[in-house]
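This report refers to the structure that appears directly beneath it.
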Amino acid sequence: MAVTVELLLLRRDGAGLAYRRVSGPLTGSRHPDDVALEVVGQQAPGLLHSTSWRHTGDGLVLTYAALPDPEPQRTAQLIGSRVLAASDDPRRPSPAAIEIEQVAVHACRHLAWLARTDNVAQRVLDGEPALRDAILHWAPAPAGLLEAAFAAR
């Protein structure tokens with residue numbers, strides 16, 4: 001099975017967040033962290049955090065959120081939605097379809113949680129106040145669709 005390491009390079013764009021997607025293959029016995037750093041090259045971001053994985057028809061994708069985008073002049077996609085991908089089947093937690101923007105939404109919510117709970121993430125974000133403020137506008141979540149889980153109780 002092919003494994004791809006995907007990075008969503010985040011930056012502040014106006015009042016919101018935008019991402020740029022880059023990726024590379026995970027081959028041999030290499031660690032995904034090493035591939036992620038290699039994909040961004042010499043201008044490594046200040047924070048690199050594994051946020052999710054998903055199965056595609058072509059294999060498995062391991063996603064990292066990275067910030068700040070080391071090349072902010074490159075074209076990026078504004079995150080215009082806050083909708084997460086979710087499954088209605090309790091025995092099949094993977095959604096039938098996942099859009100890349102939903103992966104970015106998941107990553108932003110996870111970073112919002114880290115910004116409030118993780119000293120390493122807080123230290124990096126303190127050096128990027130505009131980006132930190134944009135991330136803190138997201139509802140924090142360690143993983144998944146927590147609102148649905150709490151609403152069902």
Side-chain angles (χ1 to χ4, degrees), residues 1-11 13 16-41 43-71 74-122 124-125 128 131-132 134-152:
M1 175 184 294
V3 179
T4 300
V5 175
E6 164 184 82
L7 282 82
L8 300 180
L9 301 159
L10 296 167
R11 64 172 172 245
D13 189 341
L17 291 171
Y19 69 92
R20 181 169 61 89
R21 181 186 179 275
V22 295
S23 64
L26 178 64
T27 57
S29 62
R30 299 186 67 208
H31 194 285
D33 291 357
D34 295 330
V35 175
L37 287 170
E38 182 180 290
V39 167
V40 291
Q43 299 178 338
L47 180 64
L48 184 66
H49 190 81
S50 175
T51 60
S52 63
W53 66 270
R54 67 187 182 280
H55 184 265
T56 66
D58 299 327
L60 193 66
V61 179
L62 306 177
T63 303
Y64 285 77
L67 59 90
D69 183 347
E71 297 182 66
R74 308 253 332 245
T75 302
Q77 294 294 120
L78 186 63
I79 303 172
S81 169
R82 295 203 176 202
V83 176
L84 288 170
S87 171
D88 291 331
D89 186 340
R91 294 176 300 151
R92 298 191 63 82
S94 298
I98 303 172
E99 300 294 327
I100 187 65
E101 185 170 14
Q102 292 170 314
V103 176
V105 167
H106 176 83
C108 289
R109 291 185 51 164
H110 189 68
L111 288 172
W113 180 68
L114 291 175
R116 293 168 171 88
T117 62
D118 183 272
N119 291 334
V120 174
Q122 289 169 354
V124 172
L125 289 167
E128 300 286 339
L131 191 51
R132 178 196 61 220
I135 287 169
L136 288 173
H137 278 91
W138 286 80
L145 188 59
L146 292 180
E147 295 94 338
F150 287 116

Is [X] atom [atom1] crowded by more than 12 heavy atoms from other residues, nucleotides or ligands, each under 6.0 Å away?
| X | atom1 | answer |
| --- | --- | --- |
| His137 | NE2 | no |
| Asp88 | CG | no |
| Gln122 | CD | yes |

Examine distances only and state if a side-chain atom of [X] and a backbone atom of [Y] form a donor-acceptor pair shorter than 3.5 Å.
| X | Y | answer |
| --- | --- | --- |
| His106 | Thr51 | yes |
| Tyr64 | Asp33 | yes |
| Glu101 | Gly80 | yes |

Item to check | Pairing residues for Tyr19 by the side-chain hydrogen bond (donor to acceptor under 3.5 Å, both in side chains) criterion, not counting sequence neighbours | outcome: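 Tyr19 satisfies side-chain hydrogen bond (donor to acceptor under 3.5 Å, both in side chains) with no residue once adjacent residues are dropped.
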
Would you check if [X] and [Y] make a side-chain contact, meaning some heavy-atom pair closer than 4.5 Å?
| X | Y | value |
| --- | --- | --- |
| Glu38 | Asp34 | no |
| Leu17 | Ile135 | yes |
| Arg21 | Gln77 | no |
| Leu48 | Leu7 | yes |
| Leu10 | Cys108 | yes |
| Val39 | Val5 | no |
| Glu6 | Val103 | yes |

Quick one: pull up [atom1] in [X] and [atom2] in [Y] and give me the separation to the nearest 0.5 Å.
| X | Y | atom1 | atom2 | result |
| --- | --- | --- | --- | --- |
| Leu8 | Leu111 | CG | CG | 9.5 Å |
| Leu136 | Leu131 | CG | CG | 9.5 Å |
| Thr63 | His49 | OG1 | NE2 | 12.0 Å |
| Leu67 | Arg132 | CG | CZ | 12.0 Å |
| Leu47 | Asp118 | CG | CG | 8.0 Å |

Give the minimum heavy-atom separation between [X] and [Y], together with the two atoms involved.
| X | Y | value |
| --- | --- | --- |
| Gln102 | Ala97 | OE1-O, 4.1 Å |
| Pro45 | Ala66 | CG-CB, 3.6 Å |
| Ser81 | Val105 | O-CG2, 3.2 Å |
| Gly46 | Pro68 | N-CD, 3.8 Å |
| Thr75 | Arg20 | O-CD, 3.4 Å |
| Leu84 | Arg109 | CD1-NH1, 3.2 Å |

Next on the checklist: Once salt bridge (Lys or Arg N to Asp or Glu O under 4.0 Å) is applied, do any residues pair with Arg116, and if so which ones, sequence neighbours excluded?
Outcome noted: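 Per chain and number, Arg116 pairs via salt bridge (Lys or Arg N to Asp or Glu O under 4.0 Å) with no residue.
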
Item to check | Residue of the set Leu60, Val35, Thr27 for which side chain to side chain contact (heavy atoms under 4.5 Å, CB included) holds with Val3 | outcome: Leu60

